[in-house]
Protein chains: 2
Amino acid sequence: MTIDKTGIKDIAEKSGVSLTTVSRYFNKPNLLSLKTKDKIQAAIQELNYSQDNVARTLATGKSNLVGIIFPSLHLGFYTELMNQLIQQGKEKHYSFIVYTSRDTKEEELSLIDTLKSYRVKGIILLSHILSPEEIEQLEVPIISIERAGGNYCQINNDNYTGGKLAGEKLIADNCEVFLHINNGYYENWPSFKRIVGFEFSVKGMPHETIINEDLTDPYSKIASTAMSAIVDSLLEKYVGKKLGIFCSNDDIANMLQRECIRKGLKMLEDVEIIGYDNSPVSDYAIYPITSIDQNIPLMAQIAINSLESYIPHENVVPATLMDKSTTV
Amino acid sequence: MTIDKTGIKDIAEKSGVSLTTVSRYFNKPNLLSLKTKDKIQAAIQELNYSQDNVARTLATGKSNLVGIIFPSLHLGFYTELMNQLIQQGKEKHYSFIVYTSRDTKEEELSLIDTLKSYRVKGIILLSHILSPEEIEQLEVPIISIERAGGNYCQINNDNYTGGKLAGEKLIADNCEVFLHINNGYYENWPSFKRIVGFEFSVKGMPHETIINEDLTDPYSKIASTAMSAIVDSLLEKYVGKKLGIFCSNDDIANMLQRECIRKGLKMLEDVEIIGYDNSPVSDYAIYPITSIDQNIPLMAQIAINSLESYIPHENVVPATLMDKSTTV
DNA sequence: TTGAAAGCGCTAACAG
DNA sequence: CTGTTAGCGCTTTCAA
């Protein structure tokens with residue numbers, strides 16, 4: 001299993017040129033004569049050689065590895081982003097080392113250390129553990145996505161507009177009470193602007209923002225229970241009114257829809273729901289959920305490009321409303 | 001950004017020992033005297049040194065990187081498996097390079113080549129592109145999960161029992177017609193045994209197996225349409241009968257439940273549903289879906305251990321029925 | 001217990 | 001256009 005060993009040296013001998021020339025065949029092919037290129041290519045084929053990324057990385061100091069750190073994997077937005085990243089990264093021969101981190105700073109820093117020790121080209125950061133200041137100390141290109149910003153590359157959705165679009169839609173649909181359900185935030189998070197935008201748009205009308213951290217992991221008993229209680233209190237409080245509910249993500253919206261259906265609410269008639277992310281979950285609910293699209297493919301594309309030419313600044317990706325079956 | 005450079009050499013100088021000794025500090029610490037160990041440790045702290053995995057990999061020929069190749073990411077089973085793998089792998093300092101592959105053999109082989117060039121410890125294979133024979137040629141430790149087997153390490157669920165448990169449950173619940181819905185298979189796939197087990201258990205009673213490849217990607221229009229048609233035909237064919245439906249995975253079961261609800265079927269009364277995987281999706285459906293548990297954490301654990309000490313053979317993980325709300 | 005020296009496989013000046 | 005010569009940062013005989 002380790003008798004392979006076919007290296008640049010072997011193909012150099014086989015084709016009667018020097019090591020360097022073979023190396024150049026891969027890195028600066030235009031410096032070589034057609035004849036040598038052919039010879040080398042032939043040897044490569046014959047010996048079934050393929051490059052050694054470890055040696056190359058050691059020599060150059062840079063690999064094509066990229067780190068991604070998610071808070072968790074069980075959210076449509078994350079899965080889809082990873083999918084896009086992997087897909088689009090293939091063209092540039094990027095390989096992604098994936099971690100999850102939602103606990104301690106020490107753990108996250110150690111993961112980042114490991115990543116650095118593999119000489120990653122950059123780290124795409126989605127976890128919320130580190131502060132902007134701490135991130136700035138990292139000494140490795142960081143691309144943060146939907147995180148509070150600092151002096152590094154950020155990719156954020158136009159959350160303000162997203163929230164505003166949701167509010168406007170719900171108003172246009174003649175909802176009578178406007179609710180926002182969120183699992184918690186910090187005011188410096190980009191996603192906080194969703195709330196601001198939403199509240200701005202429903203200003204002057206009956207509205208309420210409900211924050212409940214139990215909703216953080218949507219696939220838990222605790223989240224179901226919390227959501228059930230929320231719906232109950234809403235029904236009690238706003239009896240007879242048509243509710244317009246904007247959720248901070250599709251998973252929460254999905255959970256909400258489930259509770260509404262269980263409790264016999266009629267979609268569109270009694271309640272309208274808008275989620276955020278336009279991720280697959282929003283499509284496989286009973287009533288596919290109207291959602292604010294973050295343009296995940298574009299986010300991935302920007303991330304990939306930023307890896308190539310790193311510029312520390314904020315990239316804002318537009319938000320658009322995707323009309324489905326939970327709004328008129 | 002590249003002024004870092006703190007290497008084994010620096011800490012050797014600082015602590016007045018040789019390179020070799022410092023190296024041994026990490027690899028064979030018990031060969032060192034307590035005094036030198038202390039000196040070295042102090043230097044490490046002071047210089048804030050951390051090891052270079054690339055150099056170490058080049059020198060030893062083995063890294064702590066592990067490849068995973070999924071057919072896609074949008075299936076609860078995959079997400080949860082990845083989650084478990086990443087989590088459990090952390091203890092052994094494994095880092096996972098994640099790919100998706102569902103297209104051509106060339107692409108998959110090239111991914112595997114890249115993985116090899118990073119000197120991965122092994123590759124966890126879930127994609128269906130390569131045949132067992134081709135996998136055997138790979139010259140890298142392969143751990144296949146729920147794939148047709150060959151002479152390499154395999155981790156498979158006890159699919160036969162899983163299918164049988166589903167059938168028996170549906171019978172016990174007094175269903176009158178027994179259906180299996182599947183998105184396609186090959187007879188040498190482990191998951192084919194689900195069908196065999198199920199069919200065995202409902203032998204002699206009215207039953208039918210429905211195969212439809214359009215169900216492969218559950219988050220697509222095409223899948224919804226297909227499922228809708230399937231339910232229609234079932235209703236037409238078995239009017240008035242209580243249907244017992246076993247699906248090949250939770251995502252399909254979820255889709256099925258959605259169509260049943262849309263068409264006004266009453267859960268438990270008109271229809272019972274059992275999925276496979278016991279993945280998060282099964283829990284956030286309107287009626288949490290009874291499902292066959294594959295014990296994903298155990299699968300992950302076996303995978304991790306197999307990486308450590310590779311033994312080419314089949315590991316069979318037990319299947320158990322998880323009773324939820326789509327069965328009595 | 002410790003050190004010197006020879007690589008691991010490739011790249012990158014520098015020279016021709 | 002092509003070759004020589006040092007490394008990249010760490011591990012690993014071999015010898016002391």
Side-chain angles (χ1 to χ4, degrees), chain A residues 1-41 43-44 47-65 93 113-114 116-120, chain B residues 1-41 43-44 47-65 93 113-114 116-120:
Chain A
M1 217 147 209
T2 346
I3 324 160
D4 208 4
K5 293 282 148 248
T6 314
I8 218 182
K9 185 159 68 181
D10 303 289
I11 89 128
E13 282 171 9
K14 185 115 203 157
S15 46
V17 297
S18 75
L19 278 189
T20 319
T21 306
V22 179
S23 170
R24 271 196 277 259
Y25 173 85
F26 291 109
N27 303 306
K28 325 236 170 197
N30 35 328
L31 292 187
L32 300 191
S33 78
L34 210 65
K35 231 197 307 194
T36 27
K37 273 200 276 197
D38 285 346
K39 280 191 299 186
I40 294 176
Q41 163 147 25
I44 287 175
L47 272 56
N48 186 25
Y49 165 81
S50 59
Q51 285 182 277
D52 185 314
N53 278 322
V54 175
R56 174 219 274 277
T57 299
L58 183 60
T60 61
K62 276 284 159 218
S63 76
N64 279 316
L65 292 172
H93 298 286
D113 233 54
T114 306
K116 283 168 67 176
S117 89
Y118 279 115
R119 296 274 209 300
V120 292
Chain B
M1 218 145 208
T2 348
I3 325 160
D4 209 4
K5 292 282 148 248
T6 314
I8 218 182
K9 187 160 68 181
D10 302 290
I11 89 129
E13 282 171 9
K14 184 115 203 159
S15 47
V17 297
S18 75
L19 279 189
T20 319
T21 307
V22 179
S23 171
R24 272 196 275 259
Y25 173 84
F26 291 109
N27 303 306
K28 326 237 171 198
N30 35 328
L31 292 186
L32 300 190
S33 78
L34 210 66
K35 230 198 307 192
T36 29
K37 273 199 276 198
D38 286 346
K39 280 191 300 186
I40 293 175
Q41 162 146 25
I44 287 175
L47 273 54
N48 187 25
Y49 165 80
S50 59
Q51 283 183 279
D52 185 314
N53 278 323
V54 175
R56 174 217 273 280
T57 300
L58 183 60
T60 61
K62 276 282 160 221
S63 77
N64 279 317
L65 292 172
H93 299 286
D113 233 54
T114 305
K116 284 168 67 175
S117 90
Y118 279 115
R119 296 274 210 300
V120 292

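All values derive from a computational prediction rather than experimental measurement. Protein chains get the first letters and strands the later ones, always in sequence-line order, with residue 1 at the start of each.
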Tell me, please, which residues at least two apart from Arg24(B) pass salt bridge (Lys or Arg N to Asp or Glu O under 4.0 Å).
none
Got a sec, which residues hit side chain to side chain contact (heavy atoms under 4.5 Å, CB included) with Ser23(B), two or more places apart in sequence or on another chain?
Ile8(B), Asn27(B)
For Ala59(B), check side chain to side chain contact (heavy atoms under 4.5 Å, CB included) against everything at least two apart and list the hits.
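Per chain and number, Ala59(B) pairs via side chain to side chain contact (heavy atoms under 4.5 Å, CB included) with no residue.
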Using side-chain heavy atoms (C-beta onward) and a distance below 4.5 Å, is Thr6(A) in contact with Asn48(A)?
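Sidechains of Asn48(A) and Thr6(A): no contact.
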Would you call Lys37(B) and Ile40(B) a side-chain contact if the rule is heavy atoms closer than 4.5 Å?
no
Just do the side-chain contact (heavy atoms from CB on, under 4.5 Å) check on Tyr25(A) and Ile44(A) with the steps written out, would you?
CA-CA 11 Å; Tyr25(A) 173 85; Ile44(A) 287 175; 3.4 Å; yes
Taking only heavy atoms on the protein side, list every residue of residues 31-39 of chain A lying under 4.0 Å from any atom of DNA chain D, sorted numerically.
Leu31(A), Leu32(A), Ser33(A), Thr36(A)
Neighbours of DNA chain D within residues 51-60 of chain A, by heavy-atom distance under 4.0 Å:
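Of all residues in residues 51-60 of chain A, the ones placing a heavy atom under 4.0 Å from DNA chain D are Leu58(A), Ala59(A).
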Outermost DNA chain D nucleotides near chain A [under 4.0 Å, heavy atoms]:
dC1(D) to dG9(D)
CD of Gln51(A) to NE2 of His93(A): how many Å apart, nearest 0.5 Å?
9.5 Å
CD/Gln41(B) to OG1/Thr36(B) distance, rounded to the nearest 0.5 angstrom?
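Going from the CD atom of Gln41(B) to the OG1 atom of Thr36(B) covers 12.0 Å.
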Under a plain distance cut-off of 3.5 Å, with no hydrogens placed, do Ser117(A) and Thr114(A) share a side-chain donor-acceptor pair?
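Short answer, no.
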Keeping to residues at least two apart or across chains, list the salt bridge (Lys or Arg N to Asp or Glu O under 4.0 Å) pairs with something in [range].
range: residues 50-62 of chain A; answer: Asp52(A)-Arg119(B)
range: residues 11-21 of chain A; answer: Lys14(A)-Glu46(A)
range: residues 26-35 of chain B; answer: none

Quick one: does any side-chain atom of Thr57(B) pair with a main-chain N or O of Asn53(B) as donor and acceptor, under 3.5 Å?
yes
Backbone N or O of Ile11(A) within a donor-acceptor pair of the Ser15(A) side chain at under 3.5 Å?
yes
Boundaries of the DNA chain C segment in contact with chain B, non-hydrogen, under 4.0 Å:
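Boundary nucleotides touching chain B, in 5' to 3' order, are dT1(C) to dG9(C).
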Any residue of residues 15-25 of chain A with a heavy atom less than 4.0 Å from an atom of DNA chain C:
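Correct list: Thr20(A), Ser23(A).
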Closest contact, heavy atoms only, [X] versus [Y]:
X: Leu47(B); Y: Asp10(B); value: CD2-CB, 3.8 Å
X: Asn64(A); Y: Tyr118(B); value: N-OH, 3.4 Å
X: Thr21(A); Y: Leu32(A); value: O-CD1, 3.6 Å

How sharply is the helix from dT1(C)-dA16(D) to dG16(C)-dC1(D) bent, taking the axes over five pairs at either end and rounding to 10 degrees?
30°
